[in-house]
Amino acid sequence: MDGLFSKYDLKPNCYDEVFADHNTYRSEYHLIRDLVSKMDVPTFKSLNEEAKLSFLNQGITYALYASNETKETIFPFDLMPRIISSSDWQKLEQGMIQRNTALNLFIHDVYNDAKILKDKVVPKELILSSKHYIKLMEGFSPKGKIYCHICGTDLIRHSDGNFYILEDNLRSPSGVSYVLSNRVTLSRTLPQMFQGKMIHPVGQYPKELLKTLKSVSPQADQEITCVLLTPGQYNSAYYEHSILAKFMGIELVEGSDLFVKNDIVYMNSIGRKRKVDVIYRRIDDNFLDPDVFKKDSMLGVKGVMAAYLKGNVTIVNAPGTGISDDKAVCAYVPDMIQYYLDEDPIIDNVPTYICEKPQDLKYTLEHIESLVVKPVDMSGGYGVAIMDTLSKEEVEKIKQQIMASPRDYIAQPKMMLSTHVTYIEETERFEPRHVDLRTFTLMGKDQSYVLPGGLSRVALKRNSLIVNSSQGGGSKDTWVMMNPTFPSQSQSQTQS
Amino acid sequence: MLVRIAESLYWTGRYIKRAMYLAKFLRVQYFSTLDASMALNIEFTLRSILNMSGITQDSEKELNEQEVLVKVGFDIDNPASILSTIVAARENTRALRHVLSSEVWESTNVMYHFAKNYSVDYYKQRGLYEFTTKVEENVKIIRSNIHSTMLRTDEYYFLMLGSWLEETIQILRILRSKMYDMEVLSQGGENIPLMQYQWTITLKSLESFDMHNKFYHHTTSTQSVVEFLISNPKFPRSLYYNISHLIRDLRKISVQPRGFNDFIFDLEKMQSDVKFFTYTNNDDLHDFLEELMKRVSSIHDVCTSLYFNKE
């Protein structure tokens, strides 16, 4: 290793994304080798500061749910990109589409014929006991039978070099704005890095998202009005809501900006009130409509569910989609793929023990020291217990909790997330840090799209496996290289 | 356009202008006390600063200089402080970043981070000049970005509506509080040099000193100053200029709700009263300004009922 990475130590028993061994770059990283070998740490450090200031001034920040005061923080950004080869990507892309096709078929089935439950492929109790199950959705079929239009799937690369699925986020997955701004910031800060490279662009995501939203509009014949419904500017993901609305050129609305009259949704605009066709909502089901869900919700729109069930407006993602967001249900996705598509899963799940199943519970309790236990229904990395980091008493306490309510827990073997070269400000050195990958898959009526790459999240704390921004995570620009053997569309356009 | 967005744009226009005037007034007033003719009157100036900022004060209590400066500059619990105004401007633009150009948003955000991270201790000791000057510079950058990067559509005109209205109000406030200062100062008999000095400060607070002198060939009197600031048609810091532009931009908003014509009629009446104002004596001027302030304040209420009502 030379230049910037001369003091880089590989972490034993982990797949390192950049180095195959101490002296060998993996093939896709040859692309940046020249650049990093010529650069020194002080130069890199000042570029890093520049990038941070750029994020702050652009207001690319998120709010932490701190105990008393919300603090605006920059999502830490690491300038060293993560590179995914075109062959790895091809497989991931196909895997995501397969998975999301099956998930959408599953949700439609659950709320309609419930065949998969009757056939006992997925236990009925698991679904019906989910707090995301919405009875009102029974017998209803949304436009194009699509429930999950936007899915964020978290993957890891294990020490065997393969990608595994950790979980799916089917309610309001966030993070795509970081993908967009990471790319912009990296290309501003280190333009040399991009020169002469065929990297899949990410900037077309908002356009694809708008296309997806429009494809599920209740009526297609006239001008379609889509809006993005945000809980407001104090929400932690507000930056993302506003940037997506801006790039799509649609209104960013709060609950009080909408109202329902005769089961039609309108916007409170100056002058003539405008009718709304598609609501891309970034608020949870519970807050969507005080008529049906939480009565005291100030974030939602009174009467919107009635308008939805009449087919006058489309809600994205569909209410009740959360039944598949459950980590225990995630474990059944390979079975769903078999059941609906009669295919083998292209990307495997991380092996998951569902504590509700007696044999899995038994295994979990017997092998608990080597496992990671997760509540089925928490996001943001909260409640994740990595057993070999805990004291005997703490382990015992978790055992008791699992036995008291097995439905609430799953267990997984401790997967060694791959590591990536990451600049650490405190030591002013490059060190290996664990990374995961969140992909973003869009599904509309007769169309699908996977954002090339996605968000690589980095656990900045040494040895930490938890990458969530709320727990000290950062992110990286993620490059998917274009397939060198097939000329890309942009290439052929240049030639003609 | 959403009602909420229109209202936020209007308030953004107001807060940005307000931040500039608060900073400017504070600086010019404070540094005027260093001049010999006012050196004994620091208490008087501090009260004038508080007055202009709209902060209620106990007239018996002796004022502490640093306390006043912090209250006007950095007290986040005081909605009229410079920092509170900047925070409010930024919170509004944050809700608008998808409709504003990123230049407008970013420059507002830069000003916010500057003010928020400014050391209050340094400000109390030495930083007042730097802080207030930087706030003004930041506002000028934001305004330049508004002018050069925003489409001339309703978004722009709602911003400008707030901006013209706030400027009108601020000029009026400065004139009124200076009139009040004059009354206090002339209690022990009229002191012409001191009065002239006060008018000079007023002109400087409004960046009007040079142009006033150019227009009136270097004679400063109460009459020249108030007529310049009230009815001059060519000077952008006059009431007439601001009210005229407010009417012009209001007409450009694509939606003309019911009641619009009556509103314009009242505004044009106000515009003409300002245009034909002539100074006769201080009492009449006082009454004129009080009456005008009431009419200008009602513009906000009419805008609210015409544009910002929700279903």
Side-chain angles (χ1 to χ4, degrees), chain A residues 52-61 63 69-72 74 177 180-181 184 206 225 227-235 238-261 264-274 276 301-303, chain B residues 1-10 12 76 87-88 90-114 116-117 138 141-142 145 151 153-155 157-158 161 250 253-260 303-311:
Chain A
K52 270 165 60 179
L53 186 66
S54 155
F55 271 94
L56 184 71
N57 287 343
Q58 288 177 68
I60 308 178
T61 52
E69 186 190 0
T70 48
K71 191 172 177 285
E72 232 177 276
I74 319 175
S177 55
L180 304 176
S181 32
V184 171
T225 305
V227 298
L228 195 159
L229 175 60
T230 171
Q233 62 172 311
Y234 299 103
N235 182 268
Y238 181 74
Y239 163 69
E240 175 154 313
H241 307 162
S242 79
I243 201 180
L244 286 177
K246 181 175 183 166
F247 286 152
M248 288 192 279
I250 66 174
E251 293 282 0
L252 178 62
V253 300
E254 296 176 11
S256 63
D257 294 326
L258 301 179
F259 65 97
V260 180
K261 219 176 198 170
I264 309 265
V265 183
Y266 295 94
M267 264 189 275
N268 260 314
S269 26
I270 56 169
R272 198 172 59 87
K273 306 296 169 200
R274 255 169 84 199
V276 174
V301 186
K302 198 173 148 55
Chain B
M1 187 196 305
L2 289 175
V3 168
R4 178 175 55 84
I5 297 294
E7 196 173 2
S8 254
L9 285 159
Y10 162 83
T12 298
I76 198 77
V87 169
R90 192 265 191 160
E91 289 310 282
N92 275 283
T93 37
R94 208 155 100 89
L96 295 170
R97 57 202 279 183
H98 61 295
V99 299
L100 297 171
S101 69
S102 44
E103 288 78 10
V104 173
W105 153 249
E106 257 187 72
S107 48
T108 313
N109 198 34
V110 166
M111 171 166 79
Y112 164 80
H113 285 296
F114 163 75
K116 198 141 190 290
N117 297 327
N138 274 302
I141 293 170
I142 298 166
N145 284 334
L151 276 176
T153 49
D154 287 353
E155 285 81 359
Y157 294 117
F158 273 108
L161 174 63
L250 191 64
I253 294 173
S254 66
V255 177
Q256 300 196 339
R258 197 182 309 169
F260 177 80
C303 286
T304 304
S305 72
L306 285 187
Y307 297 103
F308 308 144
N309 268 336
K310 284 188 178 179
E311 189 87 6

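Both backbone and side-chain heavy atoms feed into the values below; hydrogens, waters and symmetry mates do not. Note on naming: letters A, B, ... go to the chains in the order of the sequence lines (proteins, then strands), and numbering restarts at 1 for each one. What you see is a predicted model, and the numbers here were worked out from it, not measured in a lab.
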**Q.** Gap separating the OH atom of A:Tyr238 from the NE2 atom of B:His98, nearest 0.5 angstrom
**A.** 6.0 Å
Q: For B:Trp105 and A:Gln58, work out which heavy atoms get closest and say how close.
A: NE1-O, 2.8 Å
Q. Side chain, backbone, both or neither: which part of A:Phe247 has an atom under 4.5 Å from a heavy atom of chain B?
A. neither
Q) For the residue pair B:Ala6 and A:Ile270, what are the closest heavy atoms and their distance? A) CB-CG2, 4.1 Å
Q.
Quick check for you: to the nearest 0.5 Å, what is the distance between B:Ile5 atom CD1 and A:Leu252 atom CG?
A. 6.5 Å
Q: Let me know if B:Phe114 has heavy atoms under 4.5 Å from chain A in its side chain, its backbone, both or neither.
A: neither
Q.
If I measure from the heavy atoms of chain A, does B:Leu100 come under 4.5 Å with its side chain, its backbone, both, or neither?
A. backbone
Q: With rounding to the nearest 0.5 Å, note down the distance linking CG in A:Asn57 to OG in B:Ser102.
A: 12.0 Å
**Q.** Side-chain (B:Arg97) to main-chain (A:Ser242) donor-acceptor, under 3.5 angstrom
**A.** no
Q: Measure B:Ala95 against the heavy atoms of chain A and call it side chain, backbone, both or neither at under 4.5 Å.
A: both
Q. Counting heavy atoms not belonging to A:Lys246, are there more than 12 under 6.0 Å from its NZ?
A. yes
Q: Grab the two heavy atoms, one from B:Arg4 and one from A:Val253, that are nearest each other, plus how far apart they are.
A: NH2-CA, 3.7 Å
**Q.** A:Gln233 CD to B:Asn92 CG distance, which is reported to the nearest 0.5 Å
**A.** 7.5 Å
Q. What distance do B:Met1 atom CE and A:Asn268 atom CG have between them, rounded to the nearest 0.5 Å?
A. 14.0 Å
Q. Taking A:Glu251, A:His241, A:Arg272, A:Glu254 one by one, which has the highest count of heavy-atom pairs under 4.5 Å against chain B?
A. A:Glu254
Q: Let me know if A:Ser256 has heavy atoms under 4.5 Å from chain B in its side chain, its backbone, both or neither.
A: both
**Q.** Side chain to side chain, B:Leu2 and A:Met267, heavy atoms closer than 4.5 Å
**A.** yes
